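Notes to accompany the following structure.
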Amino acid sequence: MKQSPRLNQIQENMQPGAFTAHGFLGDDDRALKDILRQDDAEVEKLDLSHAQIAGRMQYFTERGKELLDIPVTVDEDYEVLVDDHRGEIPCPFADNQKAIKTNTRFTNKKLGITVYWSDLNIHMIRYHGFYEGKGSFFRNDPKTLARALGLI
Amino acid sequence: MKEIIITVLSITGISTVLAVLIIIAEKFLNNYGECEIDINDGDKNLRVEGGSSLLSSLAANKIFIPSACGGKATCGLCKVRVLEGAGPLLPTEEPYLSKDERNDGVRLSCQVKVKGNLRVYIPEELFNIREYVATVTNIKDMTHDIKEFRFEFKAGEDIKFKAGQYMQIETKPYDKVKEKAIRAYSISSAPSDNKAVELIIRRVPGGLCTTYMHDHIKVGDEVRMTGPYGDFYMRDDSDDYVFMAGGSGMAPIKSLVMDIMERNLDKKMIFIFGAVSKKDLYHTEFFREIERQNSNFRYVPALSRPEPDDNWNGETGLVTEVLKRYVDSGKGKHAYLCGSPGMINACVNVLVGSEFDEAKIYYDKFS
């Protein structure tokens, strides 16, 4: 099935040079609707929701913000480091939302997994079920992310 | 087969006729003709061709409203009070306007299309903003991710700005970036150096503008910029100042300190600069030299996470903890902060807890 004109426009917004220099899709050549559908199916298989995953990410980011630029140990097993950059970035889904350029480095010390996300990633996962395209710097495969966050 | 070809040709023909009709209709229906923009009850009257945004119509007449997104309704900076003729508020504007602003007729000027006569209010200080084409004359690596740039204006041109204000730079298309981008950066040079401006820019990973500034621009290139903008500048009614910054937030503070020194103002100052490790410190010798020359000035670099081989003997820990150690009471003092929202929020809380008057805490958040 063809992708809607709206998703086409959003996929355009995700290209390198539109909203960011590197874009949101990495080297993923799938249509956006397929990226969304496949990640959605994976989250459903894990018996989770995007909101649950985003909520957990938000929890750790907020804890990291309590100490600026210093790694914080949270709930014994996790280490969080939050870093701010100048400016805000609009959501490529054109929902009139924007996020401060805050990045989180998150480590599950027990599993030895480190993942990265931005405040915009939390928003895009929560409201659009979008985990970025494969090969993108902030791409987080839902299963790996859920494992790192201690959700499965 | 014949029927299919006839059907396809018919649909194509009808579509073409409809497209031509739409183009003709747009030409006539969207021809708004000449419109008048009345600014500040007749102080200025502009006659503009209708159809463009209020932001670009004003810019075409050398009135520059702050805007960091180039008219895409993503920065929310280009607010203007439109008293008449703006039409209904658009959904794209809603997230950026408070209830009071909406009641006051404040609009995002990039979203207001000039379709008829408009009556607007623009603060006087925005009339001082000018457009410059400046040449890059120096690029200095300050840290692994911060550079300082010097832009010199054309012969005969100069700029009048207050220490602490910022410029907006327009970048050119590069690599896969097909459109220009506009971003705001604080001036780090002193107002007396009025034939040029210096800007300190930290690389934002994947940032449209900072990638251009760090990887593409070179000495000799010309850059279009507008300014000066902003209300983060020194108020003279105190003798005791606390300056705090992190990262590229040093820029406006450096300008403020240089300005105070040059004007020989008798002010007591402390500047606390927060960085992660020694590799994130810069201009240290510059501020140490000011410290040596002026007993009223104290420079305190503080590292939140020094590396073992930094051999750091200075202040360590959270910048808020350092602030508590150096600033006991805020009575009668002013504070100027520039850095990330997290740093600013945390420091404001500490300062308010130390008897600073919240109205005397001035800050420039990185947003």
Side-chain angles (χ1 to χ4, degrees), chain A residues 9 12-27 61-72 79-105 116-121 123 127 132 135-139, chain B residues 68-69 72-76 90-96 145 173-179 181 183-186 201-212 215 246-249 274-277 280 303-305 317-320 338-347 364-367:
Chain A
Q9 180 54 54
E12 276 299 305
N13 295 343
M14 292 175 173
Q15 297 301 321
F19 283 24
T20 70
H22 304 128
F24 298 86
L25 296 169
D27 50 15
T61 293
E62 291 307 322
R63 295 295 304 272
K65 283 178 182 172
E66 290 168 11
L67 293 184
L68 313 164
D69 287 330
I70 297 179
V72 188
E79 186 187 87
V80 183
L81 175 67
V82 172
D83 179 27
D84 277 333
H85 290 273
R86 185 166 200 133
E88 292 175 315
I89 183 165
C91 175
F93 284 83
D95 56 0
N96 294 327
Q97 297 299 309
K98 52 184 184 167
I100 290 169
K101 291 175 181 169
T102 299
N103 299 335
T104 299
R105 187 189 77 192
Y116 298 83
W117 64 73
S118 65
D119 276 12
L120 182 61
N121 285 120
H123 167 82
Y127 294 103
E132 301 212 0
S136 170
F137 179 75
F138 283 112
R139 160 76 185 175
Chain B
C69 68
K72 291 177 181 165
T74 55
C75 71
L90 300 180
T92 44
E93 299 174 79
E94 285 173 5
Y96 302 98
D145 64 352
Y174 65 94
D175 293 346
K176 289 178 177 174
V177 180
K178 294 182 182 69
E179 291 178 24
R183 294 289 184 275
Y185 298 106
S186 296
I201 300 176
R202 183 183 178 199
R203 181 195 288 276
V204 176
L208 282 179
C209 208
T210 64
T211 302
Y212 177 78
D215 298 341
S248 57
V276 178
S277 65
D280 301 300
L303 302 184
S304 60
R305 224 173 349 129
L318 281 177
V319 75
T320 45
C338 187
S340 66
M343 187 204 94
I344 302 269
N345 293 339
C347 290
D364 183 1
K365 279 187 191 177
F366 283 178
S367 57

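Below, chains carry the letters A, B, ... as their sequence lines are ordered, and counting in each starts from 1. The model shown is predicted, which means the values in this text are computed figures rather than measured ones. Just so you know, these numbers use all the heavy atoms, side chains as well, and skip hydrogens, waters and symmetry mates.
Screening A:Thr104, A:Asp119, A:Thr102 against A:Lys65 for a side chain to side chain donor-acceptor pair (under 3.5 Å) leaves a single residue, A:Asp119.
Side-chain contact between A:Arg63 and A:Val80 is absent, with no heavy atoms from C-beta onward closer than 4.5 Å. Proximity of B:Arg183 to B:Thr210: side-chain heavy atoms (C-beta onward) are nowhere separated by under 4.5 Å. Between A:Leu25 and A:Ser136, the closest side-chain pair of non-hydrogen atoms is not below 4.5 Å. Two residues are said to be in side-chain contact when any heavy atoms from C-beta on lie closer than 4.5 Å; A:Asn121 and A:Tyr116 fail this criterion.
B:Ala181 does not touch chain A: none of its heavy atoms, backbone or side chain, sits under 4.5 Å away. Of the two parts of A:Phe19, only the backbone, made up of N, CA, C and O, holds a non-hydrogen atom closer than 4.5 Å to a non-hydrogen atom of chain B. B:Val276 touches chain A through its side chain: at least one heavy atom from C-beta onward sits under 4.5 Å away, while N, CA, C and O do not. At a 4.5 Å heavy-atom cutoff, the contact between B:Tyr174 and chain A is made by side-chain atoms alone. For A:Ala18, the part sitting under 4.5 Å from any heavy atom of chain B is the backbone (N, CA, C, O) and nothing else. Of the two parts of B:Thr211, only the side chain, counted from C-beta on, holds a non-hydrogen atom closer than 4.5 Å to a non-hydrogen atom of chain A.
Highest contact tally toward chain A, considering only B:Gly274, B:Pro205, B:Ala275, is held by B:Pro205 [criterion: heavy-atom pairs under 4.5 Å]. Among B:Glu93, B:Lys178, B:Lys176, B:Glu94, the residue with the largest count of heavy-atom pairs under 4.5 Å with chain A is B:Lys176.
Looking at B:Arg202 and A:Asp83, a side-chain N of the basic residue comes within less than 4.0 Å of a carboxylate O on the acidic one, giving a salt bridge.
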